[in-house]
Q: 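Got a structure for you, questions after.
Note that the structure is predicted; figures quoted are calculated from it, not measured. Chain letters run A, B, ... following the sequence lines, proteins first and then strands; every chain starts at 1. What's counted below: heavy atoms across the whole structure, side chains too, no hydrogens, waters or symmetry copies.
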Amino acid sequence: MSVLQRQKQELISALHAAIDAARASGKLEVESVPEIGLEIPREKQHGDFASNIALVMAKAARKAPREVAQIIVEHLPQGGVIRAVEVAGPGFINFFLSHDWLYDTLRTIEAQGEAYGNCQYGAGEKVLLEFVSANPVGPMNVVNARAAAVGDTLARLFEAVGYHVATEFYVNDAGNQADVFARSLEARLQQLTNPDYPFPEDGYPGDYVRELAQVLQAERPDLLELPYEERIAFCKRWGTDKMVEMQKADLKAYGVEFDLWFRERDLHARGALEAVIDLLRQKDLLYEEDGALWFRSTRFGDDKDRVIVKSDGTYTYVTADIAYHHDKLQRGFAKLIDIWGPDHHGYIGRMKAAIQALGYSEDTLEVLILQYVALLRDGQPVKMSKRAGEFITMQDLLDEVGKDAARFFFLNRSPESHLDFDLGLAVQQTNENPVFYVQYAHARICSVLRQAKEQGLVVPTCGQVDLSLLQHEAELNLLKQLAALPEELLQAALLREPHRLTRYALDLAGLFHTFYTFCHILGEEAALRDARLVLVSNVRVVLRKVLGLLGVDAPEQM
RNA sequence: GCGCCUGUAGCUCAGGGGAUAGAGCAUCGGACUUCUAAUCCGAGUGUCGCAGGUUCGAUUCCUGCCAGGCGCGCCA
């Protein structure tokens with residue numbers, strides 16, 4: 001339990017005691033006591049904590065809210081950390097506390113280091129997070145970049161709140177698109193020696209296929225001597241492998257590494273599709289119609305049944321995906337979370353149906369749908385055409401704005417919001433990007449600590465200083481923000497809202513910058529200086545921790 | 001037609017059953033002989049898309065509209 005939760009609990013207990021006492025004395029007549037809510041008010045004039053319990057209970061008590069509040073306050077236990085209590089507004093009970101709990105926060109951070117804010121909420125439950133899973137037939141796009149940032153940070157968040165998390169990238173290297181890609185690559189290879197060789201009508205026109213063909217020619221000059229079918233098979237395997245290598249490298253540069261790159265072709269090779277079809281057949285969930293084999297997904301709430309084996313004998317995408325999710329479940333994950341693009345939302349019903357058909361509850365699978373990223377350049381939409389092979393890739397984006405800015409930008413918005421990304425603006429605003437605001441706070445602290453060291457000072461521990469010297473409003477605000485981290489992490493994880501972290505980081509950085517302006521450190525007399533060294537040193541720990549969760553660097557100098 | 005997402009300040013976006021709805025950018029005015037001015041301080045702006053409903057209280061929850069984005073394949 002965090003310092004803040006403990007403090008809240010103490011106040012809630014006090015409120016319970018007061019209400020019980022009031023009931024016992026007959027001043028408050030209610031059947032039962034609702035759950036007591038306690039919040040940190042937006043306005044600091046409203047105290048450190050405030051409860052709306054009197055407003056909630058007013059009707060049952062048949063008294064005006066303010067009157068109920070007054071009765072409760074009169075029965076509150078005296079003394080302790082509560083410095084003052086007031087009834088305010090329509091009937092809020094506002095608590096003003098001594099600052100001890102804030103100083104306890106510093107002691108906790110000192111003891112826990114970058115583990116501060118973590119908890120065991122997840123109790124070690126195994127969670128599998130699948131995201132990006134871009135097809136290995138072309139460069140990754142900006143939605144992939146958004147998914148990578150969101151997925152990676154969610155994974156780190158889940159880990160922080162006590163889950164065992166595994167991350168996976170599903171490589172769709174066995175389907176139609178991989179075949180088209182193979183034929184495109186083969187044609188480009190032919191064209192290197194015979195410019196008139198026809199390019200497939202539905203082929204991928206991007207330059208990257210040409211470049212890949214040149215690498216292929218150098219690596220396998222004998223390839224064209226093989227029979228057509230073998231050539232294509234080779235191009236498919238070799239080409240998708242190359243694309244995966246590139247994706248891996250791009251994502252690594254973006255700070256995202258997966259525990260497993262799961263190949264669809266492995267599922268095919270080991271007969272996983274046939275196995276899962278057998279399983280469904282045993283449960284009488286399949287039927288034949290129009291020469292195809294169908295999955296009765298409507299039995300589990302899907303809009304319509306889905307084809308599992310096409311009339312030409314090949315499988316659909318969903319067949320392999322069912323086999324893949326079956327595989328995930330067999331590996332013992334209690335929860336599967338997939339992050340998909342908005343174009344896949346219609347796909348949720350059939351996958352949830354499949355999960356249930358396999359004998360698991362519907363919410364074993366949770367799908368997070370990211371919304372689109374609209375690329376603009378100076379306010380104008382950037383025209384992109386996959387057919388013409390013209391698009392802004394994830395790599396283009398990173399080249400223009402950099403890893404830290406890109407990640408922060410994506411994580412600074414709620415995942416389900418549509419996102420306008422103006423490239424012109426992003427470049428222009430490089431120096432005003434919010435990410436630098438946070439990084440600068442970190443660098444400033446490092447600078448102070450460096451100079452302290454040069455003066456022969458060592459950052460003291462909490463036990464060596466008088467923390468109660470930290471009384472300035474800017475200091476208290478900083479401490480409150482530090483105390484809020486554990487709750488913020490848990491909420492961000494539970495609500496799957498990583499953008500709460502960027503907000504937190506921006507707020508913390510802002511409070512630090514204000515503190516830095518009003519409170520000097522090294523120039524102060526020793527006792528205050530030491531207490532402030534402890535404070536900023538712990539602010540630094542928390543900034544580093546949050547930036548780490550965001551996958552953004554915490555530079556020591558800027 | 002059905003489904004998902006969005007609609008909050010000039011712009012980009014947070015927030016959220018309660019006390020005067022927030023931030024950044026942009027605009028304007030201040031602050032560097034003092035630990036980094038990539039910073040800070042101050043100033044203005046809102047029918048929270050529209051209309052009903054639930055509630056002591058709705059911008060927040062529910063319903064219906066309106067507007068925008070996307071999706072509804074034996075593609076992936």
Q: Is there aromatic stacking of F92(A) on rA19(B) here, judged by a ring-centre distance under 5.5 Å and a plane angle under 30°?
A: yes
Q: Considering every strand shown, what is the Watson-Crick or G-U wobble mate of rC75(B) when both distances are under 3.5 Å?
A: none
Q: Does T316(A) have a side-chain nitrogen or oxygen under 4.0 Å from the phosphate oxygens OP1 or OP2 of rG73(B)?
A: no
Q: In Å, rounded to the nearest 0.5 Å, how long is the span from CD1 of I19(A) to CD1 of I71(A)?
A: 11.0 Å
Q: Please state the P separation for the pair rC70(B) and rG18(B) - nearest whole angstrom.
A: 34 Å
Q: Expressed in whole Å, how much space separates the P atoms belonging to rG22(B) and rC28(B)?
A: 25 Å
Q: Measuring from the side chain of K304(A) (C-beta onward, heavy atoms only), which nucleotide among rA19(B), rU12(B), rG73(B) has the closest atom?
A: rG73(B)
Q: I want to check one thing: is the phosphate of rG16(B), taken as OP1 and OP2, less than 4.0 Å away from some side-chain N or O of R500(A)?
A: yes
Q: If we call it a pair only when both distances are under 3.5 Å in a Watson-Crick or G-U wobble match, what pairs with rC61(B)?
A: rG53(B)
Q: What does rU12(B) pair with, Watson-Crick or G-U, if both distances are under 3.5 Å?
A: rA23(B)
Q: Which whole number of Å gives the distance between the P atom of rG17(B) and that of rA58(B)?
A: 14 Å
Q: Report yes if at least one side-chain N or O of T314(A) is closer than 4.0 Å to OP1 or OP2 of rC74(B); otherwise report no.
A: no
Q: What nucleotide among rC5(B), rU12(B), rC4(B) has an atom nearest to a side-chain atom of D420(A)?
A: rU12(B)
Q: Taking the side chain from N52(A) and the backbone from F92(A), do they hold a donor-acceptor pair closer than 3.5 Å?
A: no
Q: Could you tell me which nucleotide pairs with rG7(B) by Watson-Crick or G-U wobble geometry, both distances under 3.5 Å, or answer none if nothing does?
A: rC66(B)
Q: According to the Watson-Crick and G-U wobble definitions, with both distances under 3.5 Å, which nucleotide is paired to rU39(B)?
A: rA31(B)
Q: How far, in whole Å, is rA14(B) from rC5(B) if one measures between their P atoms?
A: 15 Å
